[in-house]
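Below is one structure; the comments refer to it alone.
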Amino acid sequence: MNITEQNITIEKVKQSKISQIDFNNLSFGSVFTDHMLVCDYKNGAWETPKVVPYQPITLDPSSKIFHYGQSIFEGMKAYKDKEDATWLFRPLENQKRLNISAKRMSIPEIPEDYFMEGLKTLLKVDEKWIPKNEGSSLYIRPFVFASGLGFHASPADEYKFIIACAPSGAYFSGKVKVLIEEKYSRSANGGVGFAKTGGNYAGQFYPTQLAVEKGYNQVIWTDDNAHEYIEEAGAMNIFIRINDTLITGPTSDRILDGITRKSILEIAKDEGIKAEVRKITVAEVVAAAKDGSLKEMFGAGTAAVISPIAGFGFRDVDYDLPEMEDSIAERLKKRITDIQYNRAEDTFGWRYKV
Ligand SMILES: *Cc1c(COP(=O)(O)O)cnc(C)c1O
């Protein structure tokens, strides 16, 4: 069946809770809009999506999500411009990646029209929830999980696809201190590191907690084999600037193909900023920190866009990064957010009007 906005049913809340929200003091992802999109997979097919009031989900204790972790998600944002129009940023990339994650986790794929028409319908119903304040946006969380029953370790026969939204302020405030991790790994060859699946993040919490206890904000993941190469910054892709060249690792089984990362690479090319996609060793970064050629490091992802790194720890030594006037991180962040909020021309065709 083809899904259009016409065949998505909408059940509205009796009373909106929007008047209880302080849009000037939004944290990240902790208050939710009035509605959500729900779509069930049963008898081998996705049913017609529905917009319903935001509400808890009741699940049987044997639902496979609880036991075998079949769950995937996406993270994206909706932005308001000065004329009150609503925009998304490269939403089809999220739709495609959700299905890349789905395939790896034996979850049935979501057709493009279910995802896009469902999302647009939800955004129209909850339009007033998209913040207009500078730096704020509506964080959108599409996710799919196994609702099918049974303790047998096999893929479920029923799933739920939900989109929930949270009006959010900026993700990080200030620069972060990171610890280069040499014991724990986020992902492995042949594993699921490239998928946005719940367990990847659960597995990061403990090593990150240990880093926090040592005074760091975040962990820099290295390869699982010899912990020789820099891979990701927490749940963000990482960029390292040595002299005037930006470097980021190639995507793989282990490194997630971030939309912010690939947008940054295209913007860098457009602006004549030298950028290299190649493996980069911890040793190279430490040497660059020592000789002063290490200028910037930053994480890249939808939530924070760009999260500058102030310094890193490696084998009990802390290395500070210099304070940069006119940093590449700031320049890239401005260019990308100007496109997202419709403040500048979008020569790439990334903006998507809702
Ligand atoms: C989501 C995510 C990213 C960033 O992807 P974006 O599409 O830029 O938001 C990077 N690394 C990991 C591990 C992620 O989960």
Side-chain angles (χ1 to χ4, degrees), residues 89-90 170-181 216-223 228-252 254-315 317-340 343-348 350:
F89 184 72
R90 310 185 77 177
Y171 191 72
F172 274 126
S173 49
K175 289 195 168 187
V176 297
K177 250 182 89 182
V178 297
L179 178 66
I180 297 181
E181 180 61 58
Y216 299 93
N217 306 92
Q218 196 50 267
V219 163
I220 298 295
W221 299 107
T222 53
D223 65 284
E228 196 180 343
Y229 297 98
I230 302 270
E231 301 218 311
E232 293 213 58
M236 286 184 281
N237 293 114
I238 189 166
F239 283 82
I240 294 161
R241 173 182 167 194
I242 296 181
N243 291 317
D244 284 325
T245 304
L246 279 181
I247 305 157
T248 191
T251 57
S252 64
R254 306 186 308 265
I255 299 184
L256 192 127
D257 188 3
I259 297 159
T260 315
R261 173 188 173 280
K262 63 180 159 201
S263 303
I264 285 171
L265 289 171
E266 286 190 55
I267 290 172
K269 199 169 163 193
D270 190 61
E271 299 216 350
I273 298 166
K274 270 183 272 172
E276 291 176 3
V277 177
R278 65 165 170 90
K279 290 167 116 184
I280 178 163
T281 61
V282 177
E284 186 180 350
V285 174
V286 170
K290 285 181 179 161
D291 72 18
S293 59
L294 180 67
K295 305 295 185 197
E296 296 180 57
M297 290 170 71
F298 55 87
T302 296
V305 190
I306 283 177
S307 177
I309 293 169
F312 67 90
F314 179 64
R315 296 190 181 162
V317 182
D318 280 341
Y319 300 85
D320 288 329
L321 272 79
E323 278 291 333
M324 298 298 292
E325 299 271 318
D326 193 27
S327 71
I328 292 182
E330 274 306 315
R331 207 169 131 193
L332 292 169
K333 182 167 183 176
K334 181 170 187 315
R335 181 86 192 271
I336 201 165
T337 52
D338 280 351
I339 293 173
Q340 290 169 334
R343 293 187 295 241
E345 199 193 338
D346 173 18
T347 50
F348 306 98
W350 290 338

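From a predicted model like this one, the values you see are computed outputs, not experimental measurements.
Between the side chain of S252 and the main chain of I255, a donor-acceptor pair closer than 3.5 Å is present. Remark: the backbone N or O of F348 is not paired with any side-chain donor or acceptor of E266 at under 3.5 angstrom. Of the possible donor and acceptor atoms, one in the side chain of D223 sits under 3.5 Å from a partner among the backbone N and O of E228. Judged by distance alone, the side chain of E296 and the main-chain N or O of I328 form a donor-acceptor pair under 3.5 Å. Looking at Q218, its side chain never comes within 3.5 Å of a backbone N or O of A233 through a donor-acceptor pair.
Ring geometry, F89 versus W350: the interplanar angle exceeds 60°, so the pair is classed perpendicular (tilted spans 30 to 60°).
At most 12 non-hydrogen atoms from other residues, nucleotides or ligands lie less than 6.0 angstrom from CD of E330. Within a 6.0 Å radius of CG in N243, other residues, nucleotides and ligands contribute more than 12 heavy atoms.
Between atom CD1 of residue I240 and atom CD1 of residue I220 there is a gap of 7.5 Å, rounded to the nearest 0.5 Å. Distance check, rounded to the nearest 0.5 Å: CD of E231 to OG1 of T248 gives 10.5 Å. The distance from the CD atom of E276 to the CD1 atom of I242 is 9.0 Å, given to the nearest 0.5 Å. The OG1 atom of T251 sits 9.0 Å away from the CG atom of L256 when rounded to the nearest 0.5 Å. T337 contributes atom OG1, which lies 7.0 Å from atom NZ of K334 (distance to the nearest 0.5 angstrom). Atoms CE and OG, from M297 and S307 in turn, are 11.0 Å apart once rounded to the nearest 0.5 Å.
Between R261 and V277, the closest side-chain pair of non-hydrogen atoms falls below 4.5 Å. Considering only heavy atoms from C-beta on, Y319 comes within 4.5 Å of K290 through its side chain. Side-chain contact check for V282 versus V286: some heavy-atom pair is nearer than 4.5 Å. A 4.5 Å side-chain heavy-atom check between N237 and I264 finds every atom pair outside the cut-off. Side-chain contact between V285 and F314 is absent, with no heavy atoms from C-beta onward closer than 4.5 Å. Between R90 and K262 there is a side-chain heavy-atom pair separated by less than 4.5 Å. Contact annotation: the side chain of Y229 never approaches that of T222 to less than 4.5 Å [non-hydrogen atoms, C-beta and beyond]. Counting heavy atoms from C-beta on, the side chains of I309 and I238 come closer than 4.5 Å.
The minimum heavy-atom distance between M236 and A304, with the atom names listed, is SD-CB, 4.4 Å. The nearest pair of heavy atoms linking L332 to A268 is CD2-N, 4.4 Å. Annotation for A329 and I306: closest pair O-CD1, 3.6 Å, computed over non-hydrogen atoms. Here the closest non-hydrogen pair linking E181 and V219 is CB-CG1, 3.4 Å. Closest approach of P250 to K279, counting heavy atoms only: CD-N, 3.7 Å. In plain terms, the two heavy atoms of S263 and I259 that are nearest each other are OG-O, 2.7 Å.
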Checklist entry - After noting the C-alpha distance and the side-chain angles of F312 and V178, does the key distance pass the side chain to side chain contact (heavy atoms under 4.5 Å, CB included) rule? => result CA-CA 5 Å; F312 67 90; V178 297; 3.5 Å; yes
Checklist entry - When you look at L265 and F239, which way does the side chain to side chain contact (heavy atoms under 4.5 Å, CB included) test go after all the steps? => result CA-CA 10 Å; L265 289 171; F239 283 82; 3.9 Å; yes
Checklist entry - Taking it one step at a time, do D270 and R335 satisfy side chain to side chain contact (heavy atoms under 4.5 Å, CB included)? => result CA-CA 11 Å; D270 190 61; R335 181 86 192 271; 2.9 Å; yes
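We find that D326 and R331 are not joined by a salt bridge, their nearest charged nitrogen and carboxylate oxygen being 4.0 Å or further apart. Contact check on D318 versus K177 returns a salt bridge, with a Lys/Arg side-chain nitrogen under 4.0 Å from an Asp/Glu carboxylate oxygen.
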